[in-house]
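Below you'll find the structure, written out as structure tokens, and then a few comments.
For the numbers below, each heavy atom of this structure counts, side chains included, while hydrogens, waters and symmetry mates do not. Numbers for residues simply follow the sequence, beginning at 1. Counting starts at 1 for both ligands and their atoms, following the listed order.
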Amino acid sequence: MSTAKALKKVVAAVILDLDGTLIHTDGILSDVLKAILLKYGKQWDGREAQKIVGKTPLEEATIVVEDYELPCSTDEFVTQITPLLYDQFCNIKALPGANRLIKHLSDHNVPLALASNSPRAYVESKISYQQGWKESFSVIIAGDEVRAGKPSPDIFLEAAKRLGIEPSRCLVIEDSLPGVTGGKAAGMEVVAVPSIPKQTHLYIAADEVISSLLDLQPEFWGLPPFDDWIDGTLPLETWHIGGPVVKGFGRGSKVLGIPTANLSTKGYSALLSEHPSGVYFGWARLSTQGVYKMVMSIGWNPYFNNTEKTIEPWLLHEFDGDFYGEELRLVIVGYIRPEANFTSLESLIAKIHEDRRIAERALDIPLYLKYKDDPYLKGSSL
Ligand code: ADP
Ligand code: RBF
Ligand code: MG
């Protein structure tokens with residue numbers, strides 16, 4: 001990103017949290033909880049997700065047993081859930097930007113620690129499925145290796161001690177409130193990457209709040225900057241989404257003069273929860289018409305304060321009319337910026353047009369142009 005904001009502080013080491021920060025543990029955790037609760041005749045409603053982020057497994061179990069009034073002890077619950085979780089660790093995905101961050105810091109020899117509230121055995125198992133991670137951390141410290149887990153500072157202080165670096169020269173990156181609290185209590189700098197939507201206001205203790213690891217600017221902390229941005233864009237591992245075009249909020253063209261062909265979010269909740277909100281771009285295929293450049297936002301559209309996370313692709317082409325019901329397929333190739341709020345509609349519109357210009361130009365670069373031929377856009381059902 002281009003803006004050269006002031007240096008915040010120079011740090012000498014980075015301490016990373018695991019669940020919710022580097023890996024998308026939520027996905028498997030809610031699946032496993034759903035399955036167990038069903039056995040007790042209860043239905044998991046996802047509301048506890050907020051209460052259990054950043055907690056130790058024992059604390060999580062206590063919350064679930066109490067909330068659902070399960071006829072078992074917390075220990076029994078842990079015994080039941082543990083093998084089911086282990087079975088799923090291989091299915092946990094790295095969050096966008098996690099591999100990039102770990103590789104960048106370790107390539108530049110920045111001392112790196114992993115500090116997780118999860119027990120050591122869980123941590124070892126989870127990271128064994130992520131290529132190159134174990135070797136990148138000079139210190140790994142787990143919740144059962146200190147007297148008290150986060151929000152206590154113990155885990156962070158122990159990580160600093162083992163790294164041989166003063167706590168005040170450590171930068172913590174954390175998604176959860178207990179983690180942010182623990183990092184600050186340890187006297188460290190803390191960047192929060194909230195894994196739960198629309199809770200930014202709760203993270204006031206953090207030194208910076210970003211919406212995903214893609215937005216981290218290591219140079220703010222005196223660390224080597226990323227050098228992978230190209231003309232205002234960050235190349236991503238491509239991903240796909242598609243389906244029939246549905247009615248959206250009915251304000252894209254009307255209020256903004258920018259039509260966005262909405263896809264139904266049904267069936268895509270996992271995909272959407274895995275991808276941070278923000279502005280992305282790529283290629284779009286409309287079944288009857290062809291392949292077009294595309295720029296889109298994913299998220300809650302802070303300016304309109306939506307309650308649902310939606311995907312809003314703007315096809316960069318003038319069409320004669322609407323194409324509701326037609327199949328639309330998208331290949332997402334890169335990232336532009338986080339979602340933002342704006343003080344006026346005009347400034348939101350101006351920003352979206354700037355996104356369009358960035359995407360239009362970038363998609364002519366061979367690196368991105370090649371995905372115009374992605375097999376997904378030529379699917380046989382089209
Ligand atoms: P909605 O709120 O129903 O999504 P919009 O005002 O955002 O309505 O308009 C989106 C609709 O406009 C699309 O579903 C599509 O049928 C049509 N449309 C026409 N041109 C475009 C374009 N260039 N990009 C996206 N959608 C377009
Ligand atoms: N809405 C926001 O509130 N904040 C944004 O930063 C934002 N960025 C957008 C970027 C692009 C490229 C597009 C197509 C839309 C963006 N919107 C943003 C979403 C816009 O609010 C949405 O399309 C309308 O609300 C129509 O439903
Ligand atoms: Mg729309």
Starting from the C-alpha separation in whole Å, work towards a yes-or-no answer on side chain to side chain contact (heavy atoms under 4.5 Å, CB included) for I336 and V295.
CA-CA 9 Å; I336 299 179; V295 65; 4.1 Å; yes

List the steps and the verdict of side chain to side chain contact (heavy atoms under 4.5 Å, CB included) for R120 and I140.
CA-CA 9 Å; R120 181 78 189 199; I140 295 177; 3.7 Å; yes

Using side chain to side chain contact (heavy atoms under 4.5 Å, CB included), reason through Q88 and D31 one step at a time and then give a plain yes or no.
CA-CA 9 Å; Q88 292 302 318; D31 284 351; 5.8 Å; no

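Checked against a 3.5 angstrom limit, the closest N/O atoms of L256 and ligand 2 fall outside it. Geometrically, ligand 2 and R251 share a nitrogen or oxygen pair separated by less than 3.5 Å. Considering backbone and side-chain N/O atoms, E339 never comes within less than 3.5 Å of an N/O atom of ligand 2. For A340, a nitrogen or oxygen atom sits less than 3.5 Å from a nitrogen or oxygen atom of ligand 2, counting backbone and side chain alike.
In this structure, atom 19 (C) of ligand 2 lies nearest to the protein heavy atom N301 OD1, 3.4 Å. Here the heavy atom of the protein found nearest to atom 13 (C) of ligand 2 is I352 CG2, 3.8 Å.
When each atom of ligand 2 is checked for a heavy atom of V279 under 4.0 Å away, the hits are 8 (N), 10 (C), 12 (C). Contact atoms of ligand 2 toward V295: 12 (C) (distance under 4.0 Å to a heavy atom of the residue). Against a heavy-atom cut-off of under 4.0 Å, F342 is close to the following atoms of ligand 2: 4 (N), 5 (C), 6 (O). Numbered from 1 in the order shown, with element, the atoms of ligand 2 that lie under 4.0 Å from a heavy atom of D355 read 10 (C), 12 (C). Under a 4.0 Å criterion applied to the non-hydrogen atoms of S297, ligand 2 contributes the atoms 9 (C), 10 (C), 15 (C), 16 (C), 17 (N), 19 (C). Interface atoms of ligand 2 facing L348, defined by a heavy-atom separation under 4.0 Å, are 1 (N), 2 (C), 4 (N), 5 (C), 7 (C), 18 (C). Taking every heavy atom of T260 and a limit of under 4.0 angstrom, the matching atoms of ligand 2 come to 14 (C), 23 (O).
Side chains of E312 and T310: a donor on one and an acceptor on the other come within 3.5 Å. No side-chain N or O of E339 forms a donor-acceptor pair with one of S211 less than 3.5 Å apart. Counted by atom type alone, S212 and Y335 present zero donor-acceptor pairs between their side chains at under 3.5 Å.
Contact check on D228 versus R100 returns a salt bridge, with a Lys/Arg side-chain nitrogen under 4.0 Å from an Asp/Glu carboxylate oxygen. The residues K150 and D17 are annotated as salt-bridged, a charged nitrogen and a carboxylate oxygen being separated by less than 4.0 angstrom. Salt bridge annotation for K93-E274: present, with a cationic side-chain nitrogen under 4.0 angstrom from a carboxylate oxygen. Checked for salt-bridge contact, R285 and E327 miss the test: no charged N lies under 4.0 Å from a carboxylate O. Looking at E360 and R357, no side-chain N of the basic residue comes within less than 4.0 Å of a carboxylate O on the acidic one, giving no salt bridge.
Listed by chain and residue number, the protein N/O/S atoms under 2.8 Å of the Mg ion (ligand 3) are T260 O, T260 OG1, N262 OD1, with waters left out.
Relative orientation of the F323 and F319 rings is perpendicular, given thresholds of 30° and 60° on the angle between their planes. Using a 30° and 60° split on the angle between ring planes, H240 and Y376 fall in the parallel class, below 30°. Using cut-offs of 30° and 60° for the angle between ring planes, the H353 and W314 rings count as perpendicular.
Considering F304, W300, Y303, F249 only, the shortest heavy-atom separation from atom 21 (O) of ligand 2 involves F304. Compare R337, H353, E354, E312 by their heavy atoms: the one nearest to atom 6 (O) of ligand 2 is in R337.
No cation-pi contact links K293 to F281, judged by a cut-off of 6.0 Å to the six-membered ring centre and 45° from its axis.
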Are any protein N/O atoms closer than 3.5 Å to the N/O atoms of ligand 1? If there are, list each pair with names and the distance to one decimal place.
unit_1   : atom_1 : unit_2 : atom_2 : d
ligand 1 : 2 (O)  : G248   : N      : 3.4
ligand 1 : 2 (O)  : F249   : N      : 3.1
ligand 1 : 2 (O)  : G250   : N      : 2.5
ligand 1 : 3 (O)  : G248   : N      : 2.7
ligand 1 : 3 (O)  : Y324   : OH     : 2.8
ligand 1 : 4 (O)  : G248   : N      : 3.4
ligand 1 : 4 (O)  : T260   : O      : 2.9
ligand 1 : 4 (O)  : N262   : OD1    : 2.7
ligand 1 : 6 (O)  : G252   : N      : 3.4
ligand 1 : 6 (O)  : S253   : N      : 2.7
ligand 1 : 6 (O)  : S253   : OG     : 2.5
ligand 1 : 7 (O)  : T260   : N      : 3.0
ligand 1 : 7 (O)  : T260   : O      : 3.1
ligand 1 : 7 (O)  : T260   : OG1    : 3.4
ligand 1 : 8 (O)  : Y324   : OH     : 3.3
ligand 1 : 9 (O)  : S253   : OG     : 3.2
ligand 1 : 16 (O) : F323   : N      : 2.7
ligand 1 : 23 (N) : L315   : O      : 2.8
ligand 1 : 23 (N) : H317   : O      : 3.1
ligand 1 : 24 (N) : L315   : N      : 3.1

